[in-house]
Each structure stands twice: as structure tokens, then as C-alpha cells.
**Student:** 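For reference, the structure I am asking about is given below.
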Amino acid sequence: MASSSLPSISLPVNVFELNNILSLVLTLTITSILLANGAMAMAIPTTLDGPFKPVTIPLDESFRGNAIDLPDTDPRVQRTVEGFEPEQISVSLSSTHDSVWISWITGEFQIGNNLKPLDPKSVASVVRYGTLRSQLNRRATGHSLVYNQLYPFLGLQNYTSGIIHHVRLTGLKPDTLYHYQCGDPSIPAMSGAYCFRTMPDSSSTSYPSRIAIVGDVGLTYNTTSTVSHMISNRPDLILLVGDVTYANLYLTNGTGSDCYACSFANSPIHETYQPRWDYWGRYMQPVLSKVPIMVVEGNHEYEEQAENRTFIAYTSRFAFPSKESGSLSKFYYSFNAGGIHFIMLGAYVSFDKSGDQYKWLEEDLANVDREVTPWLVATWHAPWYSTYKAHYREAECMRVAMEDLLYKYGVDVVFNGHVHAYERSNRVYNYTLDPCGPVHITVGDGGNREKMAVPHADEPGNCPEPSTTPDKILGGGKFCGFNFTSGPAAGKFCWDRQPDYSAFRESSFGHGILEVKNKTHALWTWHRNQDFYEAAGDQIYIVRQPDLCPVQPEVMKL
């Protein structure tokens, strides 16, 4: 993107069209050079070259990752502000380019007994902003809240948060750098100056340069490696596909374990150490105060407490464009980023065809104008097409309920987490290779404490017992994973080799970068933590074929 310090130049051709032309010329030039040198093997493959024969990269035994938590004494997770000065500052998008959310926390959290929550009304929620750092002459106000994590048993420590603020900025110009400060100017308690860049206007010729996709992050030394690699790629937007802090791997006294159920089998309720949310917010502030983040919930955000309340930290700490996108829930919403329409779905709320989420999804998809936003990307936490033993076919009920709808409207790419490894599928629909099906990509390898997933369900002795696969949170524990009825796996619950729909898989920590070049081509690159920053562990051009796979719009009133 152009630097904000450069003068405005009037061009006879739309700048994004010019970029696309230059990109195409560059691609053709590189291809010509490769052809001339007989080095076509070096060219980046495209989905048009597929379907690809399944590839599994053997586990690198020398690199198992450093799945050790950052200590709470690390300066990056400690509180460095005083009084009601803002901390844990982050930016998130609204449904369109002309609006963003600024979020932050003021005041200290409390953990223990006999807590007295802070009064949200005692500190104002104000953002001053503008296109010049020296002239923050626009002002917006928002709302604030405090949440509690309470337990119905003696000996467990309760938690009450600092004051969480969410302010929506409106009337913003596309692809423009804005500077801002947040806080309460009357105390005074304002933050330093930060900046963010808005998304490009929604059109078939304008796209964010780079979108980082990461999942199952946590706060370990693996996490720091992932974040460092991600920052080096200078993303314009971050998608976090669930499982944020892993606070629920800890007792309320801070004692942690890789396997909660194994270590704390006698715990009367699944506890969660909420300060880890604050540690994560502090650690991520240098990134998220500048680069917008969009999040979907994962199973580790469940966090049950008294009165069976769940997902309270998740729904309180992040701002979601639910209302702006016609959703009645913080668990599912949509937004545009240039010529991409993102659908963020909730795997841990009802997804049945008679439920609110399905009805909202149907209306949202029907109203997508593919002339304006050609790319349609869907995201939720638990994958439908993972071949690892961990969580194998766990989300089958969600797939049965929703896959037909996503296929009907031509979703191009699906991103998931949950499985702590990397996997990219061929284009697939209903377990069958299909040139009009989406590419499913699992990136649940962000670096959390639970370590990597390694065994595959298709390897001898690894196929799980079908009755053990449903998750009690996801779909209420219903069973939908019946044996396959046709193809190479007919009559079986698992394949006896890497399935045809699985194009590439590897157990390593990392993150991915999506670069949409134009209305038909997007470059996907997966980066492994153990590699040099610019190296690609997996790379492919995802190519849309709207003529082969037409989508008939059925405009519905939201």
C-alpha cells in the first residue's frame, strides 16, 4: 500500500487495475524466464493443476517446538500503565471499509474472593482520531463493560476484569491511514498515538495486500515465533480462527497443564485462569493496535462458570460487527475487506437448518454481489476436512448441516484451526473431488501449549472409534459421522491411506498469508516457524473459475 507521506497523484487508470495489470505482466515475465531456462518446476502451482496427489511431509524429529509458556514475569505480559491509562489496545473491522472498532482496557483485574468489580461508568470511552497525527480533530464515544468469571465452589478464585471499552469509528475513507488516541480525556488518561489503515473499498479490483491467517495461538515461546514471522510479512489484516489464550488449561491459582482433564481429573468444574487473557492482550498490543484482527470462537473460549454461563471473556473482550452484518449473535458475522466477503461462523452455537445462524447465513450468502466482492471466504474453528487423528470428523454434524449451502453459493476457500498442524485440501465437496468445491485449509498451528498434532487417522491403528468423535460442545454431542458409502473408503470410518481430498499435510507450527491478486487469482503461502522468514512451507495459487462454477444471486432482504 502507498505510504501516507506520498502526495496524491491522479492516474488515468484505477490504481488497483494498474496493480493487477503490473502483477499479471510480472507473472508472465517470470513464467517466460522459467520456460526459457527449462525451470518450470520452480513455478508456483495453481489449483488448475490439480487435483494433486496427496503429500505428507514426514515429521521433523529435530523440531518439536518449544511449547513452554511465557512466564508472568516477562515484561511483554506485565502491566506497564498506571491508574486508568489504556492497555491491551486493539483494532477490529466493521462490516465495511468506512468503519472500525477500537477496543482497550482500563483499570486492573482482580482475582481472589470477595471482589468488588470496577464501575464501567466511572471511566469514559473516547477515541480521538484523524488522518494527521498532529490533528486528531475527530471524536467518537462508545460503551464499556466489566465481566466476571465466578465459580460455585469454595477454594476456587473468582475473577473480575478491568473496564473493557469498545468504540466504533465511522465515516472513514478507504485505504487510508488514520492516527488515534483512546481513553478518558477528563481524568486525564489517554493512550499514546497509534495508527491503522482502513480496508480498500469493496470492488473486484481492490484487495488488502496481505491477510495473515492463524489459529490456536496461546502464549508460549512457539507463539512468539509465530507472531514474529507473521509481523515480518507485514499483514494488513489478521484472522484468528479460534482458540486464543488457552486460559482454560489452568486452575484459578495459575497452575497449568498440557492436558487439563489428565492433570485435574477431580476438579469440580473446569476452571480457567483469566489473567492469561490480560497477558495475551498485553503481548499482542504492539501488533493489534495497528493491524485489525477478526476472531471466531474456539472450544478453549468455552470457559464454563457459575449458572452455566460460557464464552463470557470472548464475547466481552472483542468487538464484533454482528449488528452491522445483520447477525443477532457475536458468534457469527460477516464483513468485507476490499473484494473479499468473509463469513465468520460459530461452530459452538446452533448450526441446524432451523436455527438462527443457518437462517442468517442463507440471507447473508444470498446478498453477496460477486461483481463487487468476487471472493467468498468462510471461517470457523473445527475443520470438516482434516485427516489427523486429533478431532477427526468431530465437526461432521456441522458439515452435514451447512456444506450444501456453502457449495451452492460458491465459497472459494475455507480456513479452520482446532487441529494443531497444517493441511491443505484439493477442491472438495461431500468428500469427493469437485472443481467447484472450496479449498479447505487447516492452520491450527499457531504455537499453543498443547503441542502439535502428529498421528493421522488413515495410518494403521489410528482410526478412532466413531462413537468417541462427537464433541459435547460442538453440536451438543450428536453423532453424524457414519461410515463412507462409496469410493476408496466405502464401508469404513477412516481411509486406509491419505485421502484423495488431502493435498498436503505437515506437522509444524506456523501461520499463513493470503494475497488476493485479482478477481480470479489468490496466492496462499504457509510459513513454518523453523524456516527463514521469507521461506514458504507450502504455496499455491487458488484460482476461481466463475464460468465453470456460476453462482446465481438470489437477493434476499436482511
Side-chain angles (χ1 to χ4, degrees), residues 1 14-17 19-20 91-102 168-178 196-213 235-241 291-296 318-327 329-346 360-380 405-406 409-415 438 513-522 542 544 546 551 553-558:
M1 293 183 177
N14 181 289
V15 67
F16 296 105
E17 291 179 354
N19 285 340
N20 288 332
V91 182
S92 56
L93 301 180
S94 185
S95 58
T96 54
H97 76 267
D98 58 354
S99 177
V100 304
W101 287 91
I102 307 295
R168 185 183 175 203
L169 313 186
T170 59
L172 306 178
K173 297 178 182 179
D175 195 19
T176 300
L177 188 70
Y178 282 88
F196 64 88
R197 184 174 289 276
T198 54
M199 290 294 105
D201 193 8
S202 293
S203 80
S204 62
T205 58
S206 60
Y207 300 94
S209 295
R210 300 175 194 86
I211 301 171
I213 320 286
D236 305 303
L237 172 65
I238 299 171
L239 262 61
L240 203 171
V241 293
V291 182
I293 184 170
M294 305 303 284
V295 187
V296 291
F318 295 105
F320 307 93
S322 301
K323 184 177 180 180
E324 301 100 278
S325 60
S327 169
S329 169
K330 294 181 178 180
F331 294 104
Y332 50 89
Y333 58 92
S334 65
F335 67 95
N336 290 343
I340 313 169
H341 185 72
F342 285 95
I343 300 167
M344 315 291 277
L345 298 179
W360 168 84
L361 174 61
E362 191 169 29
E363 292 180 350
D364 188 86
L365 288 170
N367 283 278
V368 176
D369 186 344
R370 302 302 281 270
E371 295 298 319
V372 177
T373 52
W375 286 87
L376 187 52
V377 176
T379 294
W380 60 90
L405 190 58
L406 298 186
Y409 284 100
V411 168
D412 298 298
V413 195
V414 171
F415 292 106
I513 295 289
L514 180 68
E515 302 173 69
V516 178
K517 302 299 184 180
N518 53 45
K519 63 182 179 181
T520 58
H521 286 66
I542 299 171
R544 298 183 61 247
V551 177
E554 300 177 13
V555 177
M556 301 173 67
K557 185 177 181 181
L558 286 172

**Student:** What is the distance from atom OG of Ser325 to atom CZ of Phe320, rounded to the nearest 0.5 Å?
**Tutor:**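 Spacing of OG (Ser325) from CZ (Phe320) equals 11.5 Å.
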**Student:** Is any side-chain heavy atom of Ile513 closer than 4.5 Å to a side-chain heavy atom of Ile211?
**Tutor:**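 A side-chain contact under 4.5 Å is absent here.
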**Student:** Please check this pair: side chain of Trp375 against backbone of His521, looking for a donor-acceptor N/O pair closer than 3.5 Å.
**Tutor:**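 Judged by distance alone, no pair lies under 3.5 Å.
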**Student:** Within the distance-only criterion (no hydrogens, no angle test), does the side chain of Asp369 pair as donor or acceptor with the backbone N or O of Glu371 below 3.5 angstrom?
**Tutor:**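 Checking the backbone N and O of Glu371 against the side chain of Asp369, a donor-acceptor pair under 3.5 Å is found.
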**Student:** Can you find a pair of side-chain heavy atoms, one from Asp98 and one from Thr198, that are under 4.5 Å apart?
**Tutor:**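 Heavy-atom side-chain distance check fails, nothing below 4.5 Å.
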**Student:** Does the side chain of Leu361 reach to within under 4.5 Å of the side chain of Tyr332, using non-hydrogen atoms?
**Tutor:**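 A side-chain contact is absent here, since even the closest heavy-atom pair is not under 4.5 Å.
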**Student:** For residues Leu172 and His97, report the shortest heavy-atom separation together with the two atoms involved.
**Tutor:**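 Heavy atoms only, the tightest pair is O-CD2, 3.8 Å.
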**Student:** Checking side-chain contact (heavy atoms from CB on, under 4.5 Å) between Ser92 and each of Trp101, Phe318, Phe196, which is the one that passes?
**Tutor:**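 So, applying the side-chain contact (heavy atoms from CB on, under 4.5 Å) to Ser92 and each of Trp101, Phe318, Phe196, only Trp101 qualifies.
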**Student:** If we ignore angles and hydrogens, is there a donor and acceptor under 3.5 Å between the side chains of Ser203 and Thr205?
**Tutor:**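 Thr205 and Ser203 do have a side-chain donor-acceptor pair below 3.5 Å.
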**Student:** Can Asp201 and Ser206 be counted as having a side-chain donor-acceptor contact under 3.5 angstrom?
**Tutor:**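 Distance-only check fails for Asp201 and Ser206.
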**Student:** Ignoring hydrogens and angles, tell me if any N or O in the side chain of Ser95 forms a donor-acceptor pair with the backbone of Pro321 under 3.5 Å.
**Tutor:**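 Answer holds: no.
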**Student:** In the structure I gave you, are the side-chain heavy atoms of Asp175 and Met199 within less than 4.5 Å of one another anywhere?
**Tutor:**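 Side-chain contact under 4.5 Å: no.
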**Student:** Taking the side chain as every heavy atom from C-beta outward, state whether Pro208 and Ile340 have any atom pair closer than 4.5 Å.
**Tutor:**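 Heavy-atom side-chain distance check passes, below 4.5 Å.
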**Student:** Does Tyr333 form a side-chain contact (heavy atoms from CB on, under 4.5 Å) with Leu345? I'd like the steps, not just the answer.
**Tutor:** CA-CA 7 Å; Tyr333 58 92; Leu345 298 179; over 6 Å; no
**Student:** Without swapping roles, check the side chain of Ser204 against the backbone of Pro374 for a donor-acceptor pair under 3.5 Å.
**Tutor:**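 Looks like no, no N/O pair under 3.5 Å.
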**Student:** The test is side-chain contact (heavy atoms from CB on, under 4.5 Å); show your working for Ile213 and Val241 and say whether it passes.
**Tutor:** CA-CA 7 Å; Ile213 320 286; Val241 293; 4.3 Å; yes
**Student:** Start with the C-alpha distance between Asp364 and His341, add both sets of side-chain angles, then the distance that settles side chain to side chain donor-acceptor pair (under 3.5 Å), and finish with yes or no.
**Tutor:** CA-CA 10 Å; Asp364 188 86; His341 185 72; 2.7 Å; yes
**Student:** Measure the CG-CG distance between Leu514 and Leu239 for me, rounded to the nearest 0.5 Å.
**Tutor:**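 It comes to 9.0 Å.
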**Student:** What distance separates Lys330 NZ from Ser322 OG, expressed to the nearest 0.5 Å?
**Tutor:**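 One gets 7.5 Å once the value is rounded to the nearest 0.5 Å.
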**Student:** Any side-chain heavy atom of Pro438 within less than 4.5 Å of one from Val411?
**Tutor:**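 Heavy-atom side-chain distance check passes, below 4.5 Å.
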**Student:** Keeping the roles fixed (side chain from Arg168, backbone from Ile102), state whether a donor-acceptor pair exists under 3.5 Å.
**Tutor:**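 Checking the backbone N and O of Ile102 against the side chain of Arg168, no donor-acceptor pair under 3.5 Å is found.
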**Student:** Kindly indicate whether the side chain of Val91, heavy atoms from C-beta on, has any atom under 4.5 Å from the side chain of Ile293.
**Tutor:**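 A side-chain contact under 4.5 Å is absent here.
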**Student:** Under the salt bridge (charged side-chain N to carboxylate O under 4.0 Å, His left out) rule, collect the residues that match up with Arg544, sequence neighbours excluded.
**Tutor:**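 Arg544 satisfies salt bridge (charged side-chain N to carboxylate O under 4.0 Å, His left out) with Asp412 only.
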**Student:** Flag the pair Ser209 / Asp236 as yes when at least one side-chain heavy-atom distance between them is below 4.5 Å, and no otherwise.
**Tutor:**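 Yes; the side chains approach each other to less than 4.5 Å.
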**Student:** If you take all heavy atoms of Pro200 and Pro174, which pair is closest and at what distance?
**Tutor:**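 Here Pro200 and Pro174 meet closest at C-CB, 4.0 Å.
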**Student:** Quick one: does any side-chain atom of Trp380 pair with a main-chain N or O of Phe415 as donor and acceptor, under 3.5 Å?
**Tutor:**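 No; judged by distance alone, with no hydrogens or angles, the pair does not exist.
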**Student:** Supply the atom-to-atom distance Ile542 CD1 to Thr520 OG1, rounded to the nearest 0.5 angstrom.
**Tutor:**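 Ile542 CD1 to Thr520 OG1: 12.5 Å, rounded to 0.5 Å.
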**Student:** With side chain to side chain donor-acceptor pair (under 3.5 Å) as the test, would you mind laying out the steps for Arg197 and Thr176 before giving the verdict?
**Tutor:** CA-CA 5 Å; Arg197 184 174 289 276; Thr176 300; 5.9 Å; no
**Student:** Please state whether the rings of Phe335 and Phe342 are parallel, tilted or perpendicular, taking 30° and 60° as the class boundaries.
**Tutor:**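 Plane angle under 30°, so parallel.
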**Student:** Closest heavy-atom contact between Lys519 and Tyr207?
**Tutor:**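 Smallest interatomic distance, heavy atoms only, reads CA-OH, 3.4 Å.
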**Student:** If you compare all heavy atoms of Leu237 against all heavy atoms of Met294, which two are closest, and at what distance to 0.1 Å?
**Tutor:**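 Closest heavy-atom pair between Leu237 and Met294: CD1-CG, 3.9 Å.
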**Student:** Would you sort out whether Ile343 and Leu376 count as a side-chain contact (heavy atoms from CB on, under 4.5 Å), showing the intermediate values?
**Tutor:** CA-CA 8 Å; Ile343 300 167; Leu376 187 52; 3.6 Å; yes
**Student:** Which heavy atom of Arg370 sits nearest to which heavy atom of Gly410, and what is that distance?
**Tutor:**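 Closest pair (atom of Arg370, atom of Gly410, distance): NH2-O, 3.1 Å.
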**Student:** Mark yes or no for whether Ser327, through its side chain, and Lys323, through its backbone, hold a donor-acceptor pair below 3.5 Å.
**Tutor:**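 Flag not set: sc Ser327 to bb Lys323 has no pair under 3.5 Å.
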**Student:** Is the backbone of Thr373 close enough, under 3.5 Å, to the side chain of Ser202 for a donor and an acceptor to pair up by distance?
**Tutor:**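 No, because the side chain of Ser202 does not come within donor-acceptor range (under 3.5 Å) of the backbone of Thr373.
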**Student:** Between Pro235 and Val291, which heavy-atom pair has the shortest distance, and what is it?
**Tutor:**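 Closest heavy-atom pair between Pro235 and Val291: O-CG1, 3.6 Å.
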